[in-house]
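Below, chain A is the first sequence line, B the second, and so on; all start at residue 1. This is a predicted model, so every value here is computed, not measured.
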There are 2 protein chains.
Amino acid sequence: MAQSDTVTRILDTAEVLFAERGFAETSLRNITSKARVNLAAVNYHFGSKKALIQAVFARYLDPFSQRFHSALDELEARYEGRDIPLEVLLETMATTVLTVPAERNSLKVFMRLLGLAYSQAQGHLRRYIQQQYGDVFSRFTELVRRATPDLPDAERFWRLHFMLGTVIFTLSGLDALRDIAEKDYHQHVSVRDLVRRLRPVVVAAMNAPLPDEKDIEHHADTVAH
Amino acid sequence: MAQSDTVTRILDTAEVLFAERGFAETSLRNITSKARVNLAAVNYHFGSKKALIQAVFARYLDPFSQRFHSALDELEARYEGRDIPLEVLLETMATTVLTVPAERNSLKVFMRLLGLAYSQAQGHLRRYIQQQYGDVFSRFTELVRRATPDLPDAERFWRLHFMLGTVIFTLSGLDALRDIAEKDYHQHVSVRDLVRRLRPVVVAAMNAPLPDEKDIEHHADTVAH
DNA sequence: GTTTGTTTAAAACATCCGTTTTTTATGGCC
DNA sequence: GGCCATAAAAAACGGATGTTTTAAACAAAC
């Protein structure tokens, strides 16, 4: 009881502060004082600040990858080997993403963290996430591949990352954007509202016509090797 | 000569290090030692670290906003009051973005910096960019508004930010993505190549059908108020 | 009831940070 | 040569950081 209380209080506080200010800008003293916990407790329970950062991510990503795996299991069973439509795959992913942190009312935090994992240097984090959760992502992309057989592999790769950028960028900068949107358009914007707006955009982007093949090779002004 | 040499050497080094590791993770000592310049030179020439960060951005954004303004002048003159097609607007922006840093072979750095400006806390930077270059952006969005008269204002607002996310996210994480892409698909990826791939995706996303209006209002599970 | 292992508390440690001050060098001008 | 503003170099300052150590509290086991 005593232990788990301290540990979760550290995690709860750390994820909020990390999401608000980033990793480097959040000191252990910030965390421990706000969590009303002793400074040494972080190094005692987690070992280091890096390990704490990874633990914060694990608390979101472990249940996410678990649920996403079983959601894909269910989907594959339902479609009995037939290709799963792209819309269904995207919808499933969105639902899973929305479900996981709903228990703690902190989708915003989750997305901010994902954005930080990409944008902040923190090489150790990218490596950790890659090796820890790379297989779920691979499984998903493989299903997307079957759902879009007409898309060249390279094109699909890039479009998936384009859309990843859209989602992470938007949801992680949500607070700032929401302020502008509500001021200019007098309209409340919830996360679910945003997902509703994202859906047709993402589908259209994935199904966009292939780029012109012209001048694909005669560019002498690229940063070639 | 002596002064301008020191100043530009600081700027050159700072922009690279900032782009690689972020602002907080890059110390003045990192910069000055790599630039082989005295530590105090930064505070002497720029006043503070914040001012240095802003100077790094200004060196890109000043010529950019200048060229983009004149490119839009030219465009408006050519179309003589008629609406400028969305594709032309996007193309013009892309061309301008590509032109500016080409002189220093560092589009990658430029995009990384833009991504950081968004994702890192650094409130002072966002404020600086907003008040310094907000008018170019406003002018552009106004032209986009006329180019997409059927899109509700709020929808256009969000879609523009979706696409901003796509571009910044992709180009700022370009190195990592390029490694994967070249390993998996054995194909060199230049920035211009990426822009070629982005074009149809962005256009399709902006022209995507409007989201379903159903269940737009009956969601009791949002973070209302 | 003492002992043992675990958790918290407090203090200290070494290091790094941005900034400021002090000193030294440089180069044009009268 | 002497003067002076400008630039560079060196050193120091105060403060904050992650981590470690030392000491106290606590609970369970014997």
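A donor-acceptor pair shorter than 3.5 Å can be found between the side chains of Y133(A) and D62(A). T96(B) and R67(B) form no side-chain donor-acceptor contact under 3.5 Å, judged by distance and modelled atom types alone.
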Protein-to-nucleotide contact annotation, 5' to 3' order, nucleotides 11-27 of chain C [B base; S sugar-phosphate only; - none; under 4.0 Å, heavy atom] | -B----BBBB-------
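The aromatic rings of F64(B) and F68(B) sit parallel to each other, their planes meeting at less than 30°, with 60° as the upper class boundary.
By the ring pair (Phe, Tyr, Trp, His ring centres under 6.0 Å) test, F18(A) is found to be paired with F23(A), residues two or more places apart in sequence or in another chain being considered.
Between F157(B) and Y185(A), the gap from one ring centroid to the other is short of 6.0 Å.
Note: CZ (F46(A)) to P (dT6(C)) measures 18 Å, nearest angstrom. Protein atom NE2 of H45(A) is 9 Å distant from nucleotide atom C1' of dT6(C), rounded to whole Å.
One finds no side-chain N or O of T6(A) lying less than 4.0 angstrom from the OP1 or OP2 phosphate oxygen of dT7(C).
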